[in-house]
Amino acid sequence: MRVVHGIGHCLARGWGVLALWLALALPALPVLAADASALPNTGCLSCHDGKSHKLEVPGPNGKPRALKGMSPDAYGTSVHAKMQCVACHTGITDNPAAGSGHKKEANAPAKSASCADCHQKLWDDAKKDNTAAAKPRLGVVADNIEAYKKSFHARPGKTDKTQPMASCDNCHDTHSFDIPAADTPARAQWRLKNPPSCGQECHTDQLETYTDSIHGKELLGKKNTKAAICSDCHTSHAVVNTSGDPFKLAVTAKCGSCHEANYKSYKATYHGKISTLGYAHTAKCYDCHGSHAVLAVKDKDSKVHPDNRMETCKECHNGKKGVSVASAGFASFQPHATTNNFSRYPQVWIGWQIMVGLLVGTFGFFWLHTALWFYRELKERKAGTLRPMVKLEALPPDLQGKHFMRFPAIWRVAHITFALSLMILSITGMPMFYPDAAWAPWVMQALGGPHVAGIIHRVCAIIFAGVFFWHLVYMLIGIWRTRATFRIFGPDSMIPGLQDLKDIIAMFRWFLGQAPRPVFDRWTYWEKFDYWAPFWGVTIIGVSGLMMWVPNLTATYLPGWVFNVAAIFHGEEAFLAVVFLFTVHFFNNHFRPDKFPVDIVMFTGTMSLEHLRREHPLQYKRLLDSGELKKYVVDAPSPPITLSAKLLAFALIALGLVILGGVAVGFFGGL
């Protein structure tokens, strides 16, 4: 017997797939039929039990189609078990005799209640009644409804524009719907049904591919319910277009929820850092491993099998959109290398140990040096102890109020260029070093994105290196011109010698109150360290940065693990430079008690003769005794120049401290 209406699916055009969870929070939904008591469920089940009668309804093509019945037992254990059928099937107003069919008004089809409308009303009522806190599942359902409305499934169908691509009853049997509690055997069994539910009626090709994947074999073959299912990657309600940036960024993190160690190592790579900053153009997990067809690395059909990696790399590194073509070394790059596994990644482990040793040694010595220096100067200031001076004859009258030219203009220009380029390098590079820091995405966006930031970074790197090599040429020419009088370990040489070691020992004795403060010539040992630091810094940062700048050329001649090591060297040396400059260097030149708040010698180029006597007494005496002092005597800078120098110095110091603060937030936030 063909009938006009049937149960079919409970939801004709429902929204909010998992909205039915609310029944776990409420004993029953309100009955929407006018007189539900007159239409008990037993009457419905007398026909719609799937056994008693064969029921048919008109199909989409006008031909009759069989109407599936429902299991009373399954309905009895569902979240809707306490509801009456007519609560949803509001168009049913009679309980006909078997086989006679339901009555219907002329030109008016039987109606069913909307899942979304019903559950949204319950949530709205709970909020009005101030009972929302006691019914949290209603809020979950409301969120699911909103997520579904924006999802790919809610878009009009391809064949029938009046229907969504998928609605609640496409994914759930609403008569037997029940979500088992998390971490229960029943929930594990529920996960087994997810891929077939998505794939059998809609995503058949994807299901076939998934079935042969490592995830599918684990879940469907071995019944390992911890293996990834469709909703783990695509979510249940907020299903979005997989070609969009939001999905690309989110799905990688979803992979990481299972593969935590690999996700952490991926985030340490260039690809992972760009993704963490919120940009989707670099390789994600699925680009290398595949999406539905994920296979084990040892599988010869896997995209990441050693025999296939080159072709996989070339899917992105193909010479298009400014990306270089992958060369031989790309295939041996280690995207999941860690620094704590010597047996598997020996080069990475060794590179990390070298940098850790350099960091610990440098900071250990100079932070102790800084702390003791601050303590000693502060203690002497409180005690009113004057710094010992070298006993020199009074200055001639014509030298009163004069200054000593310590740094010529070309040195000052080089210094300010060095400082500005280094700070910009720090600003453009540190978001990549600490992409998880709250400030990192904001800074990267302000810079115009990774592409623009990369251009700025490389331009400043060229400027920085240019100043460095110019200085080398300048110094070599100067040494050649004075070769007759120049001494490698003389007072005008920046090369460390035995006297510097003696000065270090003497300085620590003064720190500890065991000896008077030592006196110095033209260059102190800490100034020599500041001078030579860029030599290894430019070498380490410059060479490693250049290797990563031209990866195709590098990988043509070197194995892929050099990129792993280069990234460690580049980042850790940059960290060393930034933290050292904005702590130790700033203290030595600006923050120590007898110079606070700022020293402008490097900005004006001059210092008072009294300052010279105080800081470099041996140089002062040597020049005075030889009669060369007057060659370096100049007028004091004018007040406007002095003020300008102070403002510039304060601006650079402030910028440096802001950068240091950002590094501190990134470093401690990542612990």
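On a predicted model such as this, the values are computed, not experimentally measured, just so you know. Only this structure's heavy atoms are used, side chains among them; waters, hydrogens and symmetry mates stay out.
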(request) Mind listing the closest non-hydrogen atom pair of Ala283 and His271 along with its distance? (result) O-CB, 3.6 Å

Throw together a table of side-chain donor-acceptor distances under 3.5 angstrom for residues 575-587, partners on residues two or more places apart or in other chains.
from   : atom 1 : to     : atom 2 : distance (Å)
Thr583 : OG1    : Trp367 : NE1    : 3.4
Thr583 : OG1    : Val579 : O      : 2.4
His585 : ND1    : Asp530 : OD2    : 2.9
His585 : ND1    : Asn589 : ND2    : 3.2

(request) Scan Phe365, Tyr525, Trp373 and name whichever one has a ring-ring contact (aromatic ring centres under 6.0 Å, His included) with Phe508. (result) Phe365

(message) With side chain to side chain contact (heavy atoms under 4.5 Å, CB included) as the criterion, how do Ile424 and Ile463 come out once you've worked through the C-alpha distance, each side chain's angles and the decisive distance to 0.1 Å?
(response) CA-CA 11 Å; Ile424 297 174; Ile463 293 173; over 6 Å; no

(request) Please list all pairs passing the salt bridge (Lys or Arg N to Asp or Glu O under 4.0 Å) test where one or both residues lie in residues 636-652, with sequence neighbours left out. (result) none

(message) Is it the case that atom OH in Tyr375 sees more than 12 heavy atoms from other parts of the structure closer than 6.0 Å?
(response) no

(message) By the side-chain hydrogen bond (donor to acceptor under 3.5 Å, both in side chains) test, which pairs, at least two apart or in different chains, include something from residues 423-437?
(response) Lys267-Asp436, Thr428-His457

(request) Quick one: closest heavy-atom pair of Ile541 and His570, and the distance? (result) O-ND1, 3.0 Å

(message) Can you tell me how far apart CZ (Arg592) and CZ (Arg376) are? Round to the nearest 0.5 Å.
(response) 15.0 Å

(request) Not counting sequence neighbours, which residues clear salt bridge (Lys or Arg N to Asp or Glu O under 4.0 Å) with Asp245? List them please. (result) none

Please output the side-chain donor-acceptor pairs of residues 595-604 that fall under 3.5 Å, not counting sequence neighbours, one pair per line with the distance.
from   : atom 1 : to     : atom 2 : distance (Å)
Lys595 : NZ     : Asp599 : OD2    : 2.8
Asp599 : OD1    : Val601 : N      : 3.1
Thr604 : OG1    : Ile600 : O      : 3.2
Thr604 : OG1    : Thr606 : N      : 3.3
Thr604 : OG1    : Thr606 : O      : 3.3

(message) Donor-acceptor check, side chain of Arg381 to backbone of Glu377, threshold 3.5 angstrom: yes or no?
(response) no

(request) Would you mind listing every salt bridge (Lys or Arg N to Asp or Glu O under 4.0 Å) that reaches into residues 400-418, with sequence neighbours excluded? (result) Lys402-Asp635, Arg406-Glu527

